[in-house]
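Keep in mind the model is a prediction, meaning the values are calculated, not measured. The first residue of the sequence shown is numbered 1, and numbering continues consecutively from there. Values reported hereafter were calculated over all heavy atoms of this structure, with side chains retained and with hydrogens, waters and symmetry mates removed.
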Amino acid sequence: REFKEGKSGSDLTVAVELTSVREWTVKSGKNKGSVMAFATAEDNTGSIDCVIFSDGFHLFEHLLTDGNMVVLSGERSNKGSFQINKIFQI
């Protein structure tokens, strides 16, 4: 809840369940053709929309499955989503 009301750039580390993971192929720009992911993560206080850019996607792809319990570390983007930098298995 505090995250959704915070400022962009706010750091956050949280233990959550990934309830939805969607892979996306970048269609234009410098990363054209690379894969990134969008995810929804939940804990007992609510849910949050997450984005994992292509560099992180390749590092953590094996952890990005629906129902997986993980620790996410990242920051709030200027669009209000959680931009993931690191993922750890619980």
How far does CZ of F57 sit from CD1 of I84, to the nearest 0.5 angstrom? 13.5 Å
Taking only residues at least two apart or on different chains, which pairs with a member in residues 21-30 satisfy side chain to side chain donor-acceptor pair (under 3.5 Å)? S20-R22
4.5 Å side-chain heavy-atom contact, F53 and Q83: yes
What verdict does the side chain to side chain contact (heavy atoms under 4.5 Å, CB included) test give for L18 and T40, after you've listed the backbone C-alpha separation in whole Å, the side-chain angles of each residue and the deciding distance to 0.1 Å? CA-CA 6 Å; L18 297 175; T40 302; over 6 Å; no
Verdict with supporting geometry, V14 and V71, side chain to side chain contact (heavy atoms under 4.5 Å, CB included): CA-CA 5 Å; V14 3; V71 174; over 6 Å; no
Separation of S34 OG from D55 CG (nearest 0.5 Å): 8.0 Å
Are N85 and S73 close enough that some pair of their side-chain heavy atoms sits under 4.5 Å apart? no
If we ignore hydrogens and angles and just use 3.5 Å, is the side chain of E42 paired with the main-chain N or O of T19 as donor and acceptor? no
Quick one: does V26's side chain get under 4.5 Å of M36's, heavy atoms only? yes
The reported gap from CD1 in I52 to CD1 in I87 (rounded to nearest 0.5 angstrom) is 5.0 Å
Side-chain (D66) to main-chain (V21) donor-acceptor, under 3.5 angstrom: yes
From CG (D49) to CZ (F38), nearest 0.5 Å: 10.0 Å
Does D43 use its side chain to pair, donor to acceptor, with the backbone of G46 at less than 3.5 Å? yes
Under the side chain to side chain contact (heavy atoms under 4.5 Å, CB included) test against V16, which residue among T45, I48, N44, V70 passes? V70
On a heavy-atom basis, the closest approach of Q89 and M69 is NE2-O, 3.0 Å
Please report the interatomic distance NZ(K86) to CG(L72), rounded to the nearest 0.5 Å. 13.0 Å
Is it possible for you to say whether F88 and L59 belong to one hydrophobic cluster, with membership spreading through side-chain heavy-atom contacts below 4.5 Å? no
Gap between atom CD of E75 and atom OG of S81 - 0.5 Å precision: 10.0 Å
